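Here is the structure we will look at, set down as structure tokens.
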Number of protein chains: 2
Amino acid sequence: MHLREITETLKKRRKLLGLTQVRFTELSGVSLRTIKALESGKSNPTFETLTRLAEVLNMELNLEFKLPKFF
Amino acid sequence: MHLREITETLKKRRKLLGLTQVRFTELSGVSLRTIKALESGKSNPTFETLTRLAEVLNMELNLEFKLPKFF
DNA sequence: ATAAAAAGAGCTGTATAATGCACTTAAGAG
DNA sequence: CTCTTAAGTGCATTATACAGCTCTTTTTAT
């Protein structure tokens with residue numbers, strides 16, 4: 001997944017769970033500033049930042065083999 | 001996956017493909033210093049760095065739901 | 001249409017990721 | 001063992017992620 005897909009997924013799921021950005025910072029420990037930058041596509045986040053956010057959403061980052069397109 | 005798992009996986013696959021760290025920098029564009037730090041567990045890499053390395057190995061990072069442990 | 005809440009942006013400081021160079025240590029081949 | 005190559009470390013520099021504050025814009029509800 002490209003970074004844009006990942007951030008979009010995080011954002012959509014955050015909203016699906018009815019969380020505001022503020023509540024998201026409280027639950028994740030990632031600053032509001034960082035979340036805003038990330039969601040508006042203005043950063044190259046560290047692995048830890050993405051992981052802390054994913055965690056709150058019951059998600060995680062996995063390293064996998066690329067699958068051929070027809071999958 | 002935790003960072004340690006990810007870096008171990010990258011390292012193992014790099015070796016499996018018979019690549020040295022030097023060759024890995026040439027193919028990925030990530031500096032030798034950064035690869036050394038990463039593989040020896042001394043950094044919190046950016047998404048881009050991980051992606052560039054994974055790319056060379058025909059792998060990628062995916063954001064997924066956590067599965068219950070019995071899977 | 002207005003008020004309130006949420007999201008985004010500018011400015012700034014601090015921490016640290018990424019980099020290059022030189023050196024040391026470890027691993028492999030002869 | 002020695003020689004060669006690969007991997008890891010220390011130090012210094014540069015770039016930038018992270019963070020807090022304030023202000024603006026957008027969205028949502030009344």
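Everything numeric in this text was worked out from a predicted model, so none of it was measured. Chain letters run A, B, ... following the sequence lines, proteins first and then strands; every chain starts at 1. Heavy atoms only: backbone and side chains are in, while hydrogens, waters and symmetry mates are out.
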Walking along DNA chain D from 5' to 3', note the first and the last nucleotide with an atom under 4.0 Å from a heavy atom of chain A, and give both. D:dA17 to D:dC21
Does B:Ser43 have a side-chain nitrogen or oxygen under 4.0 Å from the phosphate oxygens OP1 or OP2 of C:dT16? no
Between C:dA26 atom P and B:Glu39 atom CD, what is the distance in whole Å? 17 Å
Distance from B:Thr7 atom OG1 to B:Ile35 atom CD1, nearest 0.5 Å? 12.5 Å
Is the shortest side-chain heavy-atom distance between A:Thr51 and B:Leu3 below 4.5 Å? no
Shared hydrophobic cluster for A:Leu38 and A:Leu32 (ILVMFWY, side-chain gaps under 4.5 Å): no
Which residues in residues 3-21 of chain B have a heavy atom closer than 4.0 Å to any atom of DNA chain C? none
Look at the side-chain heavy atoms of Ile, Leu, Val, Met, Phe, Trp and Tyr, link any pair under 4.5 Å apart, and say whether B:Leu19 and B:Val22 land in one connected group. no
Are any side-chain N or O atoms of A:Arg14 and backbone N or O atoms of A:Phe24, one a donor and one an acceptor, separated by less than 3.5 Å? no
Smallest separation among heavy atoms of A:Arg52 and A:Gly29, with atom names: NH2-O, 2.7 Å
For atom NZ of B:Lys12, is the number of surrounding heavy atoms from other residues, nucleotides or ligands below 6.0 Å larger than 12? no
Please report the distance, rounded to the nearest Å, between NZ in B:Lys36 and P in C:dC23. 16 Å
Looking at every non-hydrogen atom in both residues, tell me the closest pair between B:Ile6 and B:Met1 and how far apart they are. CG1-CB, 3.8 Å
Non-hydrogen atoms of B:Ser28 and B:Leu53 that approach each other most closely: OG-CD2, 3.5 Å
Grab the CZ-C1' distance between A:Phe24 and C:dA5 for me, whole Å please. 19 Å
Which residues, if any, of residues 46-53 of chain B bring a heavy atom under 4.0 Å of DNA chain C? B:Thr46, B:Thr49
For atom CG of B:Leu32 and atom P of C:dA18, their distance in whole Å: 14 Å
Quick check on DNA chain D: between B:Ala37 and B:Asn44, whose nearest nucleotide comes earlier from the 5' end? B:Ala37
Can you name the closest pair of heavy atoms from B:Arg13 and B:Leu57 and give their distance? NE-O, 2.8 Å
Check the distance between C:dA7's C1' and A:Lys42's NZ and give it to me in whole angstrom. 11 Å
Kindly indicate whether the side chain of A:Arg33 and the base of C:dG10 share any N or O donor-acceptor pair separated by less than 3.5 Å? yes
Distance (rounded to the nearest 0.5 Å) between A:Leu10 CG and A:Leu50 CG: 6.5 Å
